[in-house]
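In this text the structure is predicted, and so the values were computed from the model without any measurement. Every heavy atom of this structure was used, including side-chain atoms; hydrogens, water molecules and symmetry mates were not. Numbered from 1 within each chain, the chains take letters A, B, ... in sequence-line order.
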Amino acid sequence: MTPETLAEKVLSATRDAFEALNLDAAVLPAATAVERPRDPKHGDYASNIALQTAKKAGTNPRALAEQIAKNLTSTDGVAKVDIAGPGFLNITLDAAAAGEIAGKIVAAGDTYGANESMAGHNVNLEFVSANPTGPVHIGAVRWAAVGDALARVMRASGAKVTAEYYFNDAGSQIDNFSASLLASAKGEPTPENGYGGAYIADITADVLKQHPDALDADDPQEVFRVAGVDLMFAEIKSDLADFGTHFDVFFNEKDLHDKGELDAAVERLDKQGHIFESEGALWLRTTTFGDDKDRPLKKSNGEWTYFAADCAYYLDKRERGFDKLVIMLGADHHGYIGRMQAMSRAFGDEPGTLEILIGQLVNLLRDGKPLRMSKRAGTVLGLDDIVSAIGVDAARYALARYSADSSIDLDIDLWTRNSSDNPVYYVQYAHARIAGVLRNAADRGVDKGESYDASVLTHERESDLLKALAEFPSVVATAAELREPHRVARYAEELAGAYHRFQHDCRVLPVGDEEPTDLNRARLWVVDATRTVLANALALLGVSAPERM
RNA sequence: GCCUCAGUAGCUCAGCUGGAUAGAGCACCGGACUUCUAAUCCGAUGGUCGCAGGUUCGAAUCCUGCCUGGGGCGCCA
């Protein structure tokens with residue numbers, strides 16, 4: 001029995017109890033959930049539904065719990081129901097009902113964990129979105145890992161997701177970038193506001209290889225701009241691809257300008273009555289929707305502001321049919337939330353259409369001291385450096401296992417050592433161990449058969465493992481709903497732990513030449529199911545599940 | 001000043017849409033390898049959940065105030 005099924009049975013038992021006690025069923029929730037108690041004495045699952053509803057219904061929680069327990073005890077698969085404390089229901093399943101899950105998981109294979117919690121949503125998820133003025137730096141790498149995992153988690157939860165990267169290859173930062181290339185080619189020092197660092201010299205050399213006469217061109221900087229941006233962006237895309245982060249759309253801000261979408265957006269906002277002119281500039285009255293000040297769209301010199309392009313981009317996404325726009329930004333962009341949300345409302349969209357996720361920054365430490373990184377000074381640790389230092393799996397996992405709300409302190413030395421401190425090895429090892437057991441089973445001709453007798457799975461370690469396995473779909477659903485993919489990593493660690501403990505205490509294969517028993521076969525199903533869930537969880541994080549380590 | 005994130009074991013962090021005795025990894029101490037991978041497991045140590053109030057059957061979790069630290073508050077991009 002899955003926790004979801006049990007929760008439904010608890011709810012219907014509660015409904016019956018309300019009827020028996022003549023209580024007002026209107027106070028009952030539409031859905032409930034059971035939780036896994038920490039203390040095994042509290043059964044396999046616990047429900048607090050009596051506590052939650054008794055007061056509203058004007059009755060005593062314990063009395064209500066007693067009635068629910070009476071109804072629930074006769075349910076198929078429920079071995080025991082205890083009432084504890086102020087009115088908790090502690091439910092114990094019989095082994096056969098608990099063990100069914102292994103078969104369901106094996107049958108579902110790589111679709112186990114999929115759920116419908118975000119079904120029907122067409123989501124545009126924008127992340128990384130760095131301009132091609134330098135390598136993808138560590139902060140953006142965090143979003144490459146977290147954003148990609150979030151896209152996967154939301155897809156597994158039934159949403160249609162377009163992963164999108166927004167960039168601008170025409171702004172003043174790009175001018176600084178191309179001026180830096182030109183200066184480097186001429187052997188001049190890095191210009192003011194320019195970029196330094198080894199990668200500038202590399203790109204410069206590559207541009208000169210493509211265009212040996214670049215310096216003699218009418219507008220040399222333009223040659224360096226076009227070719228340099230191309231090379232830089234190619235490098236970014238290839239680094240991201242190597243990192244396993246996939247984007248469905250690379251969207252260039254330039255297209256918005258070329259297609260006149262800024263004018264169209266302003267016109268739309270004007271029609272909604274939110275545009276005004278002041279001091280020769282054009283403004284959006286974002287304060288109507290809670291922003292702390294109004295925001296300019298077109299400067300008094302006639303130039304568009306960056307915010308105007310944001311408005312056009314927003315409208316573009318909406319017109320492409322997305323009903324949910326999610327943007328992941330670093331904490332240094334927190335100040336944009338107010339105007340962006342106001343803009344969304346000014347277009348007439350419901351709150352919640354636009355979701356801006358703010359992730360805290362990554363601090364790099366060396367010898368315990370903060371390391372200041374600057375693209376301009378060239379002291380940048382890029383995505384490629386990280387990958388070559390510790391590998392994709394370790395990097396992705398390390399970045400994705402923390403809540404985006406927490407800033408991360410990463411010690412470079414720790415990272416550049418290929419250290420087993422990284423919990424990813426703990427999870428991957430569990431998978432590799434299982435693969436080993438399954439290989440041995442195959443070698444020895446031990447087959448798990450078409451079906452198994454789940455009632456023999458009575459060991460505490462088996463029970464713990466089965467409960468952990470059963471939890472996976474709700475973990476995925478929660479991770480998607482809360483936009484918190486790190487939950488998947490934490491879950492994987494828990495599951496790996498449950499498996500290691502199981503394998504330590506429970507012999508899976510027959511010893512020596514003994515004939516396989518029902519217990520051996522049933523355990524093989526559990527092992528196979530665990531392998532499936534570990535592989536699925538790692539896949540959601542974009543981390544490989546090795547067969548051997 | 002305003003906004004925002006964080007403050008939980010020696011360290012790095014989970015837990016936070018209210019539940020029972022607050023967890024994991026690392027570090028440290030002590031155990032377990034003739035046995036399916038010991039990259040593992042078991043045990044011990046380690047806590048005023050930043051502080052103070054409040055809400056209630058119940059608060060690490062919700063509310064208010066304060067303290068400390070990170071980030072942000074341009075007709076920049």
Counting any heavy atom closer than 4.0 Å, what does [X] reach on the DNA or RNA strands: base, sugar-phosphate only, or nothing?
X         : value
Asn90(A)  : base
Asn440(A) : sugar-phosphate
Ala441(A) : nothing

Would you indicate which nucleotide in [options] comes nearest to any side-chain atom of [X]?
X         : options                : value
Asp292(A) : C36(B), C42(B), C73(B) : C73(B)
Tyr336(A) : U37(B), C76(B), A14(B) : C76(B)
Ser403(A) : A14(B), C75(B), C73(B) : A14(B)
Asn131(A) : A77(B), C36(B), U17(B) : A77(B)
Glu279(A) : C73(B), C75(B), U40(B) : C75(B)
Tyr426(A) : U21(B), G71(B), U40(B) : U40(B)
Pro296(A) : U37(B), U35(B), C75(B) : C75(B)
Tyr425(A) : U37(B), U4(B), A39(B)  : A39(B)
Gln503(A) : C36(B), C13(B), C76(B) : C36(B)
Leu51(A)  : G74(B), U37(B), C57(B) : C57(B)

Would you please classify the geometry between the [Y] ring and the [X] ring as parallel, tilted or perpendicular, with 30° and 60° separating the classes?
X         : Y         : answer
His500(A) : Tyr429(A) : parallel
Trp283(A) : Phe276(A) : parallel
Phe177(A) : Tyr195(A) : perpendicular

| field | Phe88(A) aromatic ring stacked with six-membered ring of G19(B), 5.5 Å and 30° | value | no

| If we require ring centres under 5.5 Å and near-parallel planes under 30°, does His486(A) stack on A14(B)? | no

| task | Sticking with atom C1', work out how far A60(B) lies from A6(B), rounded to a whole angstrom. | result | 14 Å

| Expressed as a whole number of Å, how far does the P atom of G43(B) sit from that of G23(B)? | 13 Å

Starting at atom [atom1] of [X], determine the distance to atom [atom2] of [N], rounded to an integer number of angstrom.
X         : N      : atom1 : atom2 : value
Arg487(A) : G23(B) : CZ    : C1'   : 15 Å
Arg295(A) : C76(B) : CZ    : P     : 13 Å
Gln52(A)  : G19(B) : CD    : P     : 9 Å
Gln341(A) : U4(B)  : CD    : P     : 13 Å
Arg501(A) : A38(B) : CZ    : C1'   : 16 Å
Tyr499(A) : U40(B) : OH    : P     : 14 Å
Arg401(A) : C26(B) : CZ    : P     : 10 Å
Glu460(A) : C42(B) : CD    : C1'   : 13 Å

| request: Could you verify whether a donor N or O on one side chain and an acceptor N or O on the other, from Glu493(A) and Tyr397(A), lie under 3.5 Å apart? | output: yes

| note | For RNA chain B, the expected dot-bracket line (Watson-Crick or G-U under 3.5 Å, [ ] crossing, | inter-strand) is (((((((..((((.....[...))))..((((.......))))......(((((..]....))))))))))))....

| task | Could you check Val427(A) against Tyr491(A) for side-chain contact (heavy atoms from CB on, under 4.5 Å), going step by step and ending with a plain yes or no? | result | CA-CA 10 Å; Val427(A) 178; Tyr491(A) 167 80; over 6 Å; no

